[in-house]
Amino acid sequence: MSAGERESCRVSRVACLVVAVIVAAGLLQLAFRLRELQVDDAAEYGYASARQSIRRVQIGGTRGRILDRRGVLLADNRPSLSVACRPAVFQRRTWEATVDAIEAAISNAARTVGRPSPLSRKTIRRHVNQTLAMPLAVWLDIGVDELARFSERANEHPGFFVLETEERIYPQGSLAAHLVGMVGRDRGEATEGDEKYNFFSPELRGRAGLEHYYNSFLRGVSGERKVLVDARGFAIREWVVSEPRKGLDLRLTLDSNLQRTVELQLRGLSGACAVVDPRNGDVLALASAPGFNPNEFVPVLRSELYSRYSSDPRKPLLNRAVGGAYAPGSTFKPVIALAALTAGVPAELTYDCTGVFRLGQMRLRCASRWGHGSLDMRHALMKSCNPYFCNLGLDIGTNAIQVAASAFGFGEKTGIDFGIDMSGTVPDADWKMRMYGEKWFLGDVAQMSIGQGMLLVSPLQMALAAGAIGTGFRVTPRLKADLPVARTPLPFKAENLAVVREGMRLVVAGDGESRGTGWRGGVGVPVSVSGKTGTAEIGRGATRRKNTWFIAYAPSEAPTVALALIVENGESGGVTAAPKAAEILREAFRK
Amino acid sequence: MRGWWKRLDWLALAVTIVLIAIGTIAIRSAGYARVETVFHGMWISNLMTAGFGLVLYFLIALTDYRKALGFVALPAYVVSLLLLVAVLIFGAEQFGGRRWLWFFQPSEVAKLCVIVLTAVLFGAARSRVAGVRTTFCGFLLAGALVGVPALLILAEPDLGTALTLVPSVLVMFLAAGVWRKGLVTIVLVGGLAALAVLGAVYEAERPGVPAARREKILRYVPLKAHQLKRVRVFLFPEEDRLGAGYNLRQAKISIGSGGFSGKGIGKGESNHLKYLPQAISMNDFIFCVWAEETGYVGSAVLLALFGLLLLRGCRTAFRATDGEGRLLALGVTALIFAHVYVNIAMSVGIVPITGLPLPFISSGRTFLIVVLCGLGLIQSVNIHREEKKHD
């Protein structure tokens, strides 16, 4: 290079080197930073990427069935087909336009399916807003005709497909409906242990009865599906990670034949009946009338149907057998008798019955208008003499009655494996002051002694009490067959129990003029029956009604069946309830 | 002219063609992720543009820059200024700025014109300006040369493009020895001012600063609302991931989740599932698409290719036999480097987000042609280096 050239090139050569160094340094800095992101923190960003683009969807397992003690199916599953659509097919630039497109496609498909669209625009918008990655089920539980029509022209409706699910079916219809309960379809709330999921398949969940109480037992183990979603939340691809497992079958202690007989006896009436095995607490039948057919609530509980049921003054949705609180009336007298015997009153003590019991201003009439004359405890039970037990109750006082009542579990839950378990009320001075702000009068004691006033029990409690008198043991009732038996002996002396048993045997067994009030309860039953009638008066004047009871256990010597039956607005326990109990006992002891 | 193929920088040409191929692949991936089918064929138009650009590349490379630029530089500069004025009047409004005139961006063309005119005025031996370059007068001239187009570009407004013009021209001024004292002072003052702005924004936006104090500080910060937002995202990247910080967060997720070896070409989930902002995934965030699909291997290869190309540019500048050629090579190299550095650095969160294309990889057609013309100039410097002897 000549001197002239050097002169002409007045631009620094050093600058070139400096730029080269800056370039190299800048690119190296970028390389180091990229190493940080793509090598050191790659796992973290990979997780962030997966977390924002993958949704975990819970898949519900097939629900377990419900069977009676002999294996008769009370609740089962049937395959159900629905027409659903994938929102991703209808995506538009704006959310409103997407909702428009889905709505238009649904009303278009409605002509093919032959059923109007059941979804409001609001529902579609909510689905787009909240559960976009999931298919939108449009027509639930379609019939064969609808399926045929849709399948034939399915390719005209891209984005729509047939979704296979399962629906609950109750093969026995309304049998034991209050007990079995019903299911509803969930819309995406987390069940226990499933919090990790983003979305939930619309799953059957028990809403009432055993379906509700044993929901987690019946529902099985969830499976998992993963859905890849784009930035807006539309599903791109999905795959199953783990298959769901089927739920367990629930075997009951219930006897569906006996249950059917019981429901037949209650048909057209308002009332309830509980039949238990007093040896182990098996609930053989538990019925409440009027009832309902749970199949009407599948696949969805329609609001007009629900409001028809819930506004019915006869309350068909109420399970009276465990949720009804009734005055026990005279069926409570055996408890009073045991309380008196325990307090030292001899069974041979007699009172004179004149047909009416007077206490101050109060007059309590006896079943026998002209009075029973002089009778002892056994015969007072047999004839259900009100003055006798009023006197007895006043003699021993509230406390002794309470102790005996709580020995049978009155005023507390029975412990049945069921969602409803009415504890009832055994009132005393404190309770009355708390509830009504009034003092506890002798009249209250007299009322309680004949099972009236503020005393309230459930039919199941009464059946268990009857059984306990028969066996000498108090048991915890059970509906699920393999629950352990829980028995506790009654705190009464054997000879005292024997007196009451003798009295209850006379109620049914007597003959001719000397027959007891519940003689109809033993008619045609192949074993000897012990029982007690009850007629509880409610209200005064025009609204005065009578709830008629019959409680029993049989065979008298070694009871295997105990029951309590109540018919609302009956004539009397002996006339209304006892014959129905006899029919039930005949079925229970049918060879 | 004889034996030009011996003096052509074949390595730089090869790297250029590989970069065009990579860009085409990345644009194809980014285009297919778009809902609008128009973008699915974008890679073909990119290839066609590149072909056209390569024709210009060779035409320029085979022309002796010393003979041609003396006639072309000033008219080109004036025309580009007119275009910059025209875009402010007739330009189509898009993304809050007027940057497009018909089918191209005048600001990209203007950058090259500024570089060329600077090289001619301050580098050529014949230039009358060359004599006064070290004086205050030269400094004023240089300032006007850059200042006018820079102000016009700022008016669009396009801060990013204006900012890349400044360092490349500054490098040329420094190399040419333009009034060093003044330049160094200005660089220092500018750097301090930038730091002061950053510091002020940090002080104002720090969590727990009362609103009144924040208002008071921000009143003195010369930034527009959207620029302030970007600086805030840069300073506090973990805040507001779904709002202003969303773009940066998604850019980092797609780059990071690519891992060492990438997810495979055409399989980048952030891109295809549209988490990466769709509007800019083909331009400003195209590096994320490439980095996600090819991983660290791919991004390192890309950096190496850029490094090779830029260092070949420095080599050409170093070996140039006259000031004009040296300044040309330096200016073009500095311009490309500024784009590469700022674009990738903003994607990885080193600098605030600014809308700048990545040379060869982004889908901007004007910029691709401008870059190829610039590289053609460098090749011309290579080819015509020795020719003065034979004149």
Side-chain angles (χ1 to χ4, degrees), chain A residues 1-2 4-55 88 91-93 133 227-237, chain B residues 35 122-123 125 130 133 171-172 174-177 249-250 252-260 262 269-270 272-276 278 291 295-296 299-300 303-304 306-307 310-311 313-315 317-327 329-330 333-334 337 340-341 344-345 348-350 388:
Chain A
M1 203 181 278
S2 69
E5 275 166 13
R6 206 173 293 122
E7 172 57 25
S8 77
C9 186
R10 290 157 304 191
V11 176
S12 150
R13 271 187 145 179
V14 179
C16 306
L17 296 176
V18 171
V19 169
V21 169
I22 290 174
V23 165
L27 293 179
L28 274 178
Q29 184 202 7
L30 292 181
F32 278 119
R33 174 69 179 148
L34 281 167
R35 210 186 93 104
E36 230 171 82
L37 289 180
Q38 297 193 288
V39 180
D40 302 346
D41 298 341
E44 186 193 312
Y45 285 110
Y47 174 70
S49 167
R51 200 179 50 180
Q52 72 180 2
S53 62
I54 290 177
R55 302 281 179 276
Q91 55 180 301
R92 300 287 184 274
R93 275 196 90 83
V227 182
L228 187 69
V229 296
D230 68 10
R232 300 173 77 197
F234 287 106
I236 303 296
R237 193 155 48 82
Chain B
V35 181
F122 291 90
R133 68 185 197 280
V171 163
M172 296 170 76
L174 284 170
R249 172 79 186 152
Q250 291 303 333
K252 283 202 215 166
I253 285 179
S254 49
I255 293 171
S257 67
F260 185 76
E269 274 177 0
S270 293
H272 286 277
L273 298 180
K274 305 174 182 64
Y275 288 96
L276 201 61
Q278 289 297 288
Y296 186 57
S299 26
L303 285 181
F306 277 125
L310 294 170
L311 291 177
C314 292
R315 179 173 173 272
F318 189 82
R319 293 175 50 180
T321 50
D322 63 343
E324 197 179 359
R326 181 164 294 162
L327 280 187
L330 270 183
T333 302
F337 173 68
V340 170
Y341 180 81
I344 298 179
V348 296
I350 296 179
K388 208 175 180 185

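Scope of the values below: all heavy atoms of this structure, side chains included, with no hydrogens, waters or symmetry mates. By convention in this document, chain letters (A, B, ...) are assigned in the order of the sequence lines, proteins followed by strands, and residues within each chain are numbered from 1.
For A:Ser12 against B:Arg326, the heavy-atom pair with the smallest separation is O-CD, 3.6 Å. Shortest non-hydrogen contact noted between A:Ala15 and B:Leu330 is CB-CD1, 4.1 Å. Closest approach of B:Ile253 and A:Tyr45 over heavy atoms only: CA-CD2, 3.7 Å. Counting all heavy atoms, side chain and backbone alike, B:Arg319 lies closest to A:Arg13 at CA-NH2, 4.5 Å. Here the closest non-hydrogen pair linking A:Val19 and B:Thr333 is CG1-CG2, 4.5 Å.
With rounding to the nearest 0.5 angstrom, the CD1 atom of A:Ile22 is 12.0 Å from the CG atom of B:Leu310. The structure places CZ of A:Arg33 at 13.0 Å from CD1 of B:Ile344, a figure rounded to the nearest 0.5 Å. Here the CD-NZ distance, from A:Glu44 to B:Lys252, works out to 9.5 Å after rounding to the nearest 0.5 Å. For the atom pair CZ of A:Arg35 and CZ of B:Phe260, the computed distance is 9.5 Å after rounding to the nearest 0.5 Å.
B:Phe318 touches chain A through backbone and side chain together, each having a heavy atom under 4.5 Å away. Looking at B:Ile350, only its side chain comes within 4.5 Å of chain A, counting heavy atoms on both sides. Only the side chain of A:Ile236 comes within contact range of chain B, with at least one heavy atom under 4.5 Å from a heavy atom of that chain. If you measure heavy-atom distances from A:Glu36 to chain B, you find no contacts under 4.5 Å at all. With a 4.5 Å cut-off on non-hydrogen atoms, A:Val18 does not touch chain B at all. Proximity to chain A involves both the backbone and the side chain of B:Val348, based on heavy atoms less than 4.5 angstrom apart. Residue contact with chain A, scored on non-hydrogen atoms closer than 4.5 Å, involves the backbone and the side chain of B:Leu303 alike. For B:Ala345, the parts lying near chain A are the backbone and the side chain together; criterion is any non-hydrogen pair under 4.5 Å. Only the side chain of A:Arg93 comes within less than 4.5 Å of a heavy atom in chain B; its backbone stays farther off. With a threshold of 4.5 angstrom between heavy atoms, A:Leu228 approaches chain B through side-chain atoms but not through N, CA, C or O. Both the backbone and the side chain of A:Val23 have a heavy atom closer than 4.5 Å to some heavy atom of chain B.
Counting only residues at least two apart or on different chains, the side chain to side chain donor-acceptor pair (under 3.5 Å) pairs with a member in residues 18-29 of chain A are A:Gln29-B:Tyr341.
Highest contact tally toward chain A, considering only B:Gly295, B:Ala300, B:Ser254, B:Ala329, is held by B:Gly295 [criterion: heavy-atom pairs under 4.5 Å]. Of the listed residues A:Ala43, A:Ala24, A:Ala42, the one with more heavy-atom pairs under 4.5 angstrom with chain B than any other is A:Ala42. The most heavy-atom pairs under 4.5 Å with chain A, out of B:Ala291, B:Ala334, B:Ser270, B:Gly313, come from B:Ala291. Here B:Gly259 is the residue among B:Gly258, B:Gly307, B:Gly259 with the most heavy-atom pairs under 4.5 Å with chain A. Listed options A:Val39, A:Leu37, A:Leu30 were ranked by heavy-atom pairs under 4.5 angstrom with chain B; first place goes to A:Leu30.
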B:Tyr275 vs A:Val229, test: side-chain contact (heavy atoms from CB on, under 4.5 Å). Steps then yes/no.
CA-CA 10 Å; B:Tyr275 288 96; A:Val229 296; 3.5 Å; yes

